[in-house]
Structures are given as structure tokens and as C-alpha cells.
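Each chain gets a letter, A, B and so on, in the order its sequence line appears, and its residues count up from 1.
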Amino acid sequence: MWADTLLIVFISVCTALLSEGLTWLLVYRTEKYQKLKTEIEKQSKKLEKKKEAIESTLLDKNVKKKIEREEERLKNNNKDLTMVKMKSMFAIGFAFTALLSMFNTIFDGKIVAKLPFTPISWVQGLSHRNLSGEDYTDCSFIFLYILCTMSIRQNIQKMLGFAPSRTAAKQGGGMFGTQPKP
Amino acid sequence: MNKEKRNKTSLLNKPVQKEPLLKRILTAKSKWDDKDEFLDVIYWARQILGIILGIVWGFIPLRGFIGLALFALTNAGLLYLYIVNYQCVDEDEYGGTFEMAKEGFMTSFAAFLVTWIIIYSGLYYD
């Protein structure tokens, strides 16, 4: 089992590097992306400082309106950034779906590892995919690959400095714009 | 007189020398001016801890829900002790205990699962 598991980790590292490389080629190095990213970061930091300042003082209607306007601008910039990323995401998505289905056929019906725990029922669909038998501690390729990708890809993004900054993520609410506040 | 004044100003404008990161990580009650830097330290510490725990759990070997629960407790507990008792950082400045606890937790959990599964299946099911 060493060979299979280590091969899956290797595949996951390669696909993560390839996908980051492709995204760099298509998105990260473009002037539009870099401009939008710096702008969003600047705006997010400014907005956070303003929000912190406002918490300690009484709410002034004008200041509140100004903050709302800035939030709107930030939301629009976030939307633009998502659009810039979107095209390459689709291209990479298609390429990787094809790659994944190829690996799926290679490892089809093969137990690649043994889980030290029995997964809960809604995870079993993934961890026991295309495997015969009732032993739910058997692990399929796709489950281990997803776990590897979850840890490796994000860490590679962070190491290379491609992960979005915390302030921007907090203020922008991630990919889908600002989250409504209670 | 003028020279003295100039000396004073140059001393004031001199940039404050930061201690090396590793030294600050290991020294208790270090000063963290950059919040992001400290959160990064927490993030990477969680990743390393996740991998170490995965290797240890695989070698023992721990099985079942107890392994998962012990990971969550050890990971959250050790980092909490480091943040609050060792570095004496005010959690509220970073958005509260929950914000600190979830920093890099999912990635660390995935890394832990991968190492635990690989070591366990490699050692006991070959």
C-alpha cells in the first residue's frame, strides 16, 4: 500500500503545482489582476480601520453611509477579481476533470489504503467509491486524493504567496461578495 | 547645540530593529506588531503539528473516533496554551478564541488525516 498512497500524494503535489502554475500564467501575472488585488487589499485595510474606529464612537449617519459606499466599491472590485479568475478557473477545471477521470480509471475498484476509522455515512459515498465489499474502512483513490489536495494545494498557495490576504477575505467575504451582517 | 539636536533626531528616526522570527516564536511573551505575521506562525505551527500527530497516531496505532477527537483536542489545546499562556497574546485583538482556533484548522486536519492513513495502512496492511 505504500506505493499507491505515496503515488497519490505525488500526483496531488504535481496537480497542485500545475494548477498554480497555470493560474499564474493566465491570471496572477496579468496587470489587471495585480492592480485589482492591490486595490482590494488597500480598500479592505482602510475599511477595517474605519470600522474599528466607529465601534468606539457613536454612530454617525454620514460616516455610516460613507462606509456603506466603500463596502459597495469593495464588493464590485471583488466581483471584478472573480471575473478575471473565472475564465482560467473554467479552463483548469476542464483539464483537471479529464485528468481526474483518467486517474479514476487507473485506480478503479482498487483499495489504495486502509482507514484507521469508519467514516460517517455521508462520507462513505466518497471513501468507498467504486469499491466492492462491505468493509467501510477500505479507502478509494478519490477520498485520499481529495484529502491530499485539501492540504497540499492550500499550503502551496500560501507558500507561493497566492492565497488571498486575511483582511481582504474578511472584508470581502470571499468569492461571493460580502456576507450580510446580523 | 545643533549637532546634539541632529543626533537626537537621527536616533528617533532610526528604524526599530526587529528580532528574527524564529527567536520571537521561541521566546515567551514576544512582541507581535504585525497581526498577520503571528497568524501565519499559528497557521504553520498547526500544519506541522497536524503532520506530527498523524505520524504518531499511525505508529501507535490509534483507531476510530477516539483518534479524531484526540487530534482535535490536542491541536486546539496545544495551540491555545502557546497563544494564551506562552505568548500571552490577547485573543480579542485577533477576533476571539474561535477565530484563533480555526486559523488553518481544516488544512491541518486534512494533513493529519493523510499522514495518519498513509502510515497506518503502510505499517499494518501491506
Quiz item: Residues in ring pair (Phe, Tyr, Trp, His ring centres under 6.0 Å) with F38(B), at least two apart?
Solution: W32(B), Y94(B)
Exercise. Using non-hydrogen atoms and a 4.5 Å limit, figure out which bit of L39(B) sits close to chain A: side chain, backbone, both or neither.
Key: both
Exercise. Can you tell which part of W57(B) gets under 4.5 Å to a heavy atom of chain A, answering side chain, backbone, both or neither?
Key: neither
Quiz prompt | Closest heavy-atom pair and its distance - T107(B), M150(A) | solution = CG2-O, 3.7 Å
Exercise. Search all heavy atoms of L123(B) against all heavy atoms of W2(A) and return the closest pair with its distance.
Key: N-CZ2, 4.0 Å
Do you reckon [X] sits in the same ILVMFWY cluster as [Y], going by side-chain contacts under 4.5 Å, direct or chained?
X	Y	value
F10(A)	F141(A)	no
V27(A)	M159(A)	no
W44(B)	V89(B)	no
L81(B)	L53(B)	no
I120(A)	I142(A)	yes

Quiz item: Is the charged tip of K158(A) near the ring of Y43(B): under 6.0 Å from the six-membered ring centre and within 45° of its axis?
Solution: yes
Quiz prompt | Most contacts with chain A, counted as non-hydrogen pairs under 4.5 angstrom, among I117(B), L62(B), I119(B) | solution = I117(B)
Self-check item: Counterpart residues, side chain to side chain donor-acceptor pair (under 3.5 Å), relative to D4(A) (two or more places apart)
Solution: K110(A)
Practice problem: Name the member of L147(A), N155(A), T118(A) that forms the most heavy-atom pairs with chain B at distances under 4.5 Å. | Solution: N155(A)
Give, for atom [atom1] of [X] and atom [atom2] of [Y], the distance between the pair rounded to the nearest 0.5 Å.
X	Y	atom1	atom2	value
S151(A)	Q47(B)	OG	CD	8.0 Å
F143(A)	L113(B)	CZ	CG	6.5 Å
I118(B)	L144(A)	CD1	CG	5.5 Å

Exercise. Examine whether an atom of V112(A) lies under 4.5 Å from a heavy atom of chain B, and if so say whether it belongs to the side chain, the backbone or both; otherwise answer neither.
Key: neither
Quiz item: In this structure, are over 12 heavy atoms from other groups packed under 6.0 Å from E68(A) atom CD?
Solution: yes
